[in-house]
2 protein chains.
Amino acid sequence: MRNNGANDMTKNERKPGGMSEQRQQRIRLEISREAARLFWEQGVAATTGEQIAAAVGLSVRTLWRYFRNKESCVEPVLAQDGEEFVALLRRWPRDVSLEDHLMEWAVNRTKDPDQQSFDQAVIKMTVLAEKEPDLRTAWLMTNDRIERALVEIFADRLRRSPDDIEVRLHAAAATAVVRVISEDVSAALMAGADPTSLGNTLGQMARAVHTATGGAVGDPVDP
Amino acid sequence: MRNNGANDMTKNERKPGGMSEQRQQRIRLEISREAARLFWEQGVAATTGEQIAAAVGLSVRTLWRYFRNKESCVEPVLAQDGEEFVALLRRWPRDVSLEDHLMEWAVNRTKDPDQQSFDQAVIKMTVLAEKEPDLRTAWLMTNDRIERALVEIFADRLRRSPDDIEVRLHAAAATAVVRVISEDVSAALMAGADPTSLGNTLGQMARAVHTATGGAVGDPVDP
DNA sequence: TGGACAACTGTCACTAAGTGACAATATAGC
DNA sequence: GCTATATTGTCACTTAGTGACAGTTGTCCA
């Protein structure tokens, strides 16, 4: 999904003095990467904001302008896979099943070499978030955001209101099972599992979503 | 569920100088109550640890010995309903459906007068947690703990391993839908809804759990 | 190309969160 | 009451995080 940032120059809403959205995001990602590395190497508590700022070459004050607090520094890394997943669901055609859509994407995607090392960071943080309480909160918050996104997506697909309790229930259940599978896969990969067996992970997610929504989400729907 | 603290004096492991488990819990709850009140009245950011400590008559240092950080001060309040729910599920007979078990409990329970005002605090915090990010993390963390408890309970009921991915999926989905319904009900009550219509909330939860687990959890099972 | 203007960044001073150490105190068991 | 031990308070300290203000950088437009 690294291929989607492609020249979407439709939003030229840059004000004088403001920097491009992309640049802001790149800095956030850069910070997040360094924070993840430090958290992994020394633990969260032992890592200071000063260290993170120094690692990326910013003043501490600026660091806190990009992130509300220390834990949220890793959110861009933690949210990576989730946002990829959400973006994928946004492009989900109505006449295609979830499993087919995910599988079709899986075979077509190309693995950017630079992306590889980044994926490592994602996996490390996901695993670390199982034990470190501060990272756990960040992980749960990113999943909370995913859930809100899924509410919109599901509401659209089911032609129901985002306020509909059924829709919100489906989104919550779907997000929960996707999260658990992500945790499970990350733990397996960290333990040295063969990444090729990961190919079926998306199929597992699709089936889990279908089950967790009582069959309401996953099948093709009327156009 | 106030009636379960009943004389479980089996754990007489009190060491000289140590205080009883109950006393510790009472203090934690007392702190939580005051924190919730202050958070509601002035907002989370505007409330200092010093204020909370003063309100309950403790030194600030002692406050931080009871709670790791400011947000977690409200966890006992936020966890109230959830722990009640978990305790209820622990007593869930194998030959009874979830809906029947919850409904039977609903009619038999007595509303402690002191409990009323406490419920108000629970509702307030649940609603406040929808907007205030710091409380949101606390709310998600309590639900994370509930999920872990449900893993054990479901594993036991399904006679499967707590490590079984299916079991964890069911627990995650179930916790998620129960959380959403709780949020929904709290918001409705806060908006002035009639509490009598709340009687069916447990039925709704039971059905939602049944659906979110693909029918795996909710029906009676073999003894 | 060269301002003009607004956003971005750094420095400084500050408040509040949270912790370690140690002495004082309270409590359970005898 | 006596004793051992957990609990609490006080003090000093580090770090998280913010507000204000000045300097810098990047964008838009002439």
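Labels below follow one simple rule: chain letters A, B, ... track the order of the sequence lines, proteins then strands, and each chain is numbered from 1.
The distance between atom CD of Gln51(A) and atom P of dA16(D), rounded to the nearest whole Å, is 9 Å. Rounded to whole Å, the distance from CZ on Arg65(A) to P on dA16(D) is 17 Å. Atom CH2 of Trp64(B) and atom C1' of dT8(D) are 16 Å apart (whole Å). Look at CZ on Arg26(A): it is 12 Å from P on dG26(D), rounded to the nearest Å. One atom, CZ of Arg61(A), and another, P of dG23(D), lie 18 Å apart when rounded to the nearest Å.
For the OP1/OP2 pair of dT7(D) and a distance below 4.0 Å, the side-chain nitrogens and oxygens of Tyr66(B) include no atom meeting the criterion. In this model, the phosphate group of dT9(C) is not approached by any side-chain N or O of Thr62(A) to a distance below 4.0 Å at OP1 or OP2. A close approach under 4.0 Å does not occur between any side-chain nitrogen or oxygen of Gln24(B) and OP1 or OP2 of dA6(D).
Using a 3.5 Å distance cut-off with no hydrogens or angles, the side chains of Ser72(B) and Asn69(B) do pair a donor with an acceptor. Side-chain atoms of Glu147(B) and Asn143(B) form no donor-acceptor pair, as typed in the model, at a separation below 3.5 Å. Between the side chains of Arg37(A) and Ser32(A), not a single donor N or O lies within less than 3.5 Å of an accepting N or O.
Listed by first then second residue, pairs satisfying side chain to side chain donor-acceptor pair (under 3.5 Å) with a partner in residues 183-193 of chain A read Arg136(A)-Glu183(A), Trp139(A)-Glu183(A), Arg179(A)-Glu183(A), Asp184(A)-Arg168(B), not counting sequence neighbours.
Among the protein residues, Phe67(A) comes within range of no part of the nucleic acid, since none of its heavy atoms lies under 4.0 Å from any strand. Nucleic acid contact for Arg68(B): sugar-phosphate only, since backbone atoms but no base atoms lie under 4.0 Å from a heavy atom of the residue.
Under a cut-off of 6.0 angstrom, the local environment of CD in Glu50(A) is sparse, with at most 12 non-hydrogen atoms contributed by other residues, nucleotides or ligands.
Within a heavy-atom distance below 4.0 Å of DNA chain D, no residue of residues 39-50 of chain B is found.
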### Query
Dot-bracket for DNA chain D, 5' to 3', with Watson-Crick and G-U pairs under 3.5 Å, [ ] for crossing pairs and | for other-strand pairs: what is it?
||||||||||||||||||||||||||||||
